[in-house]
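See below for the structure under consideration.
The analysis underlying the following values was restricted to heavy atoms, covering all of them including side chains, and did not include hydrogens, waters or symmetry mates.
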Amino acid sequence: MMNNRDLERGGGTKSRNGTSYPQPTSAYYVENSESQWTSWLVPMIVVANVAMFIVIMLVNNCPNNISDSFNSRGRKCVARFLGRLSFQPLQENPLFGPSSNTLQKLGALEWNKVVNEHEGWRLLTCIWLHAGVVHLLANMLSLVFIGIRLEQQFGFVRVGVIYLLSGIGGSVLSCLFIQRSISVGASGALFGLLGAMLSELLTNWTIYTNKAAALFTLIIIIAINLAVGLLPHVDNYAHIGGFMSGFLLGFVLLLRPQFGWIERQHLPAEARLKSKFKVYQYVLLLIASILLIVGVTVGLVMLFRGVKANEHCSWCRYLSCLRTSRWSCDN
């Protein structure tokens, strides 16, 4: 059987000739007179994840690799008509996917591999692996819903940087707190995009009109997704690490010019605004940059020194576990 965390991590404008800031109708700010980027990176990430899952299932090859112990207990591959793509028995993986051994072999996050065997690359590769069809669909649908609109507004470079760095940030925090099992999934990166959406709203606060509605909507979405992370089989440490990374990155990468700066660029120099951004935006950018650099540095140093964060924070286990009569947070 897979361990509780073996299964998943999951439940996340290009300015040219714009002249004004219309009232936004959602949590995303939109300038109607500005052209938007064409979203291609997010669809490519979806395609890459689906392709990677097919490779995982081919390597897994359930019909040939399922153990005799499973067969002796009447456990057989699911959807055997798929041949090598058939899934592990549901008793082993209820998400319709491969075995934990296959995921480990292909780059799943595991504390011992990262710390003792110096395989730090797993902090990145685990983002591209998924534990099953259910896990993959949940994450990819979330990515399409969150990522495409962000990419249209801010371009593929900034969204791509936030996605990857948030995924790594989630992996670092996850590996610091959980050492007994493996973890896979893109949800740390997805939570990074959610965090970036929140910081984008805050750092560009003055150009929004429906501030309260946008902020309330985002907070509800984030709270629901973090609450899902308290359930069994979900790695909420990856969610939290990814969210915090994306939140800080949003202050650095998703700044928008202050109101009126674009429309005044055609005016004489004395009539233009002196600064593209407001003072508070620069302050938030500086603070976020410092926290990001310090946080990543400290996290990586602690990880590669073999620090087990759960031994220094007894209550932190409840960040990824909801105690019930059928579920203990001690394991």
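- Note that CD of Gln179 is 9.5 Å distant from OG of Ser174, once rounded to the nearest 0.5 Å.
- Between Leu109 atom CG and Gln104 atom CD the span is 11.0 Å, to the nearest 0.5 Å.
- The two residues Gln281 and Leu255 have their closest heavy-atom pair at CB-CD2, 4.0 Å.
- Both the sub-6.0 Å distance and the 45° axial angle are satisfied by Lys308 relative to the ring of Trp111.
- Between Leu85 and Ile54, some side-chain heavy-atom pair lies under the 4.5 Å cut-off.
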Please table the atom pairs, donor to acceptor, closer than 3.5 Å between any side-chain atom in residues 287-297 and protein atoms at least two apart or in another chain.
unit_1, atom_1, unit_2, atom_2, d
Ser289, OG, Leu285, O, 2.7
Thr297, OG1, Ile293, O, 2.7

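- Under the 6.0 Å cut-off for aromatic ring centres, Phe53 and His130 do not qualify, their centroids lying 6.0 Å or more apart.
- Closest of all the heavy-atom pairs between Ala214 and Leu201 is C-CD2, 3.8 Å.
- Asn139 pairs with exactly one of Asn49, Leu190, Ile127 by the side chain to side chain contact (heavy atoms under 4.5 Å, CB included) rule, that one being Leu190.
- The environment of CZ in Phe216 is sparse: at most 12 heavy-atom neighbours from other residues, nucleotides or ligands sit within 6.0 Å.
- Using the six-membered ring where Trp is involved, Tyr237 and Phe177 have ring planes that are parallel, under 30° apart on the 30 and 60° scheme.
- In this structure, Leu143 and Leu193 approach most closely via the heavy-atom pair CD1-CD1, 3.9 Å.
- For the pair Phe154/Ile162, no side-chain contact is recorded, criterion being any heavy-atom separation below 4.5 Å from C-beta on.
- Side-chain contact check for Asn65 and Asn61: no donor-acceptor pair (N or O, by modelled atom type) lies under 3.5 Å.
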